[in-house]
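To start, the structure itself, in structure tokens.
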Amino acid sequence: MPELPEVEVTRLSFAQRIRGAVVTGVLLGKPLRWPLGLDPGALVGQRVADVTRRGKYLWLAFAEGGGLLMHLGMSGSLAFTDGLAEPGRHDHFDLATTLGTLRLTDPRRFGAVVWSPALDAGPAAKLLAGLGLEPFAPAFTGSHLHGALRGRRVAIKQALLAGDIVVGAGNIYACEALFEAGIDPRLPGHKLSRPRSERLAAAVRGTLARALELGGSTLRDFRDAHGMAGAFQLHAHVYGRAGQPCHTCGTAIRRIVQGQRATYFCPLCQKR
DNA sequence: CTGGGCTCCTGTCAGC
DNA sequence: TGCTGACAGGAGCCCA
């Protein structure tokens, strides 16, 4: 589910409210992707300083140092509960605080909450080490993209998804950005010309920015911390539209598989 | 270093 | 109606 827009929408929906909160308890459900890495009791009394984002990871920093690195995986979402609601079968992490209880719900449990002594040390540093540039960072330009694709024979769609060049575009937005840039998702990365790299970098930024404005995509169950759904899925040009007419040329949208992931594209508008 | 494939887990839906 | 298999928004890890 959550790509950069959904993660950022989630962050914006609860960061303000939880800032300054003091942890009063932690409740763990079934195991997530990795263990917390700390006795949950050790978090009691810690004060939340801020919530930031790196790629699709959230970092909930404590004033005393250290913090929780959180990932929503494929099916995770964060929301406030009134603190009295019993955890459901898919609720696997509760952070009870003086300002409310933040709850991670994640049916598939690909998500994670991991304690780290700092963002640039310990488990967090290891997990974030290979991440590419933030799409909205000034350094993410067409020439950066072009340079990073040198020697990459993998298809451009998969290079975007890999996240080591630029973070944030998952399956939906990688497909949408390639449509917007008019690029065939099967094109080997190193064959993307410099001008088309400019177009693609702009399309990645533009697509993610638009999704952010629309509150992300809610395909089935994404909600921000206030329960608000996103609306980008209503504006998708290719994702999930196999067989339907292209909004630009009317050609049937195609679905192929790349790296075990579905790719949607317009065979006429998107060129090699 | 690059690339390909597998894996974690549960829910939903299409097809028979 | 009930069962089975495919597929789903991610990404770390292992091996060639």
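Quick caveat: nothing in here was measured; it's all calculated off a predicted structure. Each chain gets a letter, A, B and so on, in the order its sequence line appears, and its residues count up from 1.
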Hey, does A:Y57 reach any base, or is it just sugar-phosphate, or nothing, if we go heavy atoms under 4.0 Å? sugar-phosphate
Check whether any side-chain N or O of A:H92 sits under 4.0 Å from OP1 or OP2 of B:dC9, and answer yes or no. no
How would you label the contact of A:R33 with the nucleic acid (heavy atoms, under 4.0 Å): base, sugar-phosphate, or nothing? base
Nearest-Å distance, CZ (A:R108) to C1' (B:dT7)? 11 Å
Report yes if the ring of A:F110 lies under 5.5 Å from the six-membered base ring of B:dC8 with planes under 30°, and no otherwise. yes
Are A:T10 and A:D224 close enough that a side-chain donor and a side-chain acceptor fall under 3.5 Å? no
For A:H71 and A:V257, take the nucleotide of DNA chain C holding the closest heavy atom to each; which residue's nucleotide lies nearer the 5' end? A:V257
Per A:R109 side chain, nearest of listed nucleotides B:dT10, C:dG12, C:dA8: B:dT10
Pairing of A:E180 and A:R199 as salt bridge, 4.0 angstrom limit: no
Select one nucleotide: of B:dG3, C:dG12, B:dT10, the one nearest the side-chain heavy atoms of A:L127. C:dG12
In terms of the nearest nucleotide of DNA chain B, which residue is placed more toward the 5' end: A:G259 or A:D164? A:D164
Evaluate the side-chain proximity of A:R186 to A:K157: yes if any heavy-atom separation is below 4.5 Å, no if none is. no
Closest listed nucleotide, where the reference is the side chain of A:R261 and the choices are B:dG11, C:dG12, C:dG10: C:dG10
Tell me what A:A162 touches on the nucleic acid: a base, only sugar-phosphate, or nothing, going by heavy atoms under 4.0 Å. nothing
Spacing between A:K30 atom NZ and B:dC9 atom C1', to the nearest angstrom: 9 Å
Here the distance between atom P of B:dG5 and atom CD of A:Q258, to the nearest Å, is 12 Å
Between A:Q260 and A:R153, the residue closer to the 5' end of DNA chain B by nearest nucleotide is A:R153
Taking only the side-chain heavy atoms of A:R255 (C-beta and beyond), determine which of C:dA11, B:dG3, C:dC7 contains the nearest atom. C:dC7
Any salt bridge linking A:R11 with A:E8? Criterion: basic side-chain nitrogen under 4.0 Å from a carboxylate oxygen. yes
Nucleotide paired to B:dC9 in any strand shown, Watson-Crick or G-U, under 3.5 Å: none
Let me know the distance between CG of A:L131 and C1' of C:dG10, rounded to the nearest Å. 12 Å
Out of B:dG3, C:dG10, C:dA8, minimum distance to the side chain of A:N171 belongs to C:dG10
What is the separation between atom CG on A:D221 and atom P on B:dT12, rounded to the nearest whole Å? 9 Å
What is the separation between atom CD1 on A:I165 and atom P on C:dA11, rounded to the nearest whole Å? 15 Å
For the pair made of CG in A:L219 and C1' in B:dT12, what is the distance, rounded to whole Å? 13 Å
Using whole Å, report how far CG of A:L161 lies from P of C:dA8. 12 Å
Heavy-atom side-chain contact between A:V26 and A:F93 under 4.5 Å: yes
Looking only at the side chain of A:Y239 (C-beta and beyond, no hydrogens), which of the listed nucleotides C:dG12, C:dA8, B:dT10 gets closest? C:dA8
Side chain of A:Q158: nearest nucleotide among B:dG3, C:dA8, B:dG4? B:dG4
Enumerate the residue pairs fulfilling ring-ring contact (aromatic ring centres under 6.0 Å, His included) with a member in residues 158-211 of chain A, sequence neighbours excluded, ordered by first and then second residue. A:Y173-A:F232, A:F179-A:H237
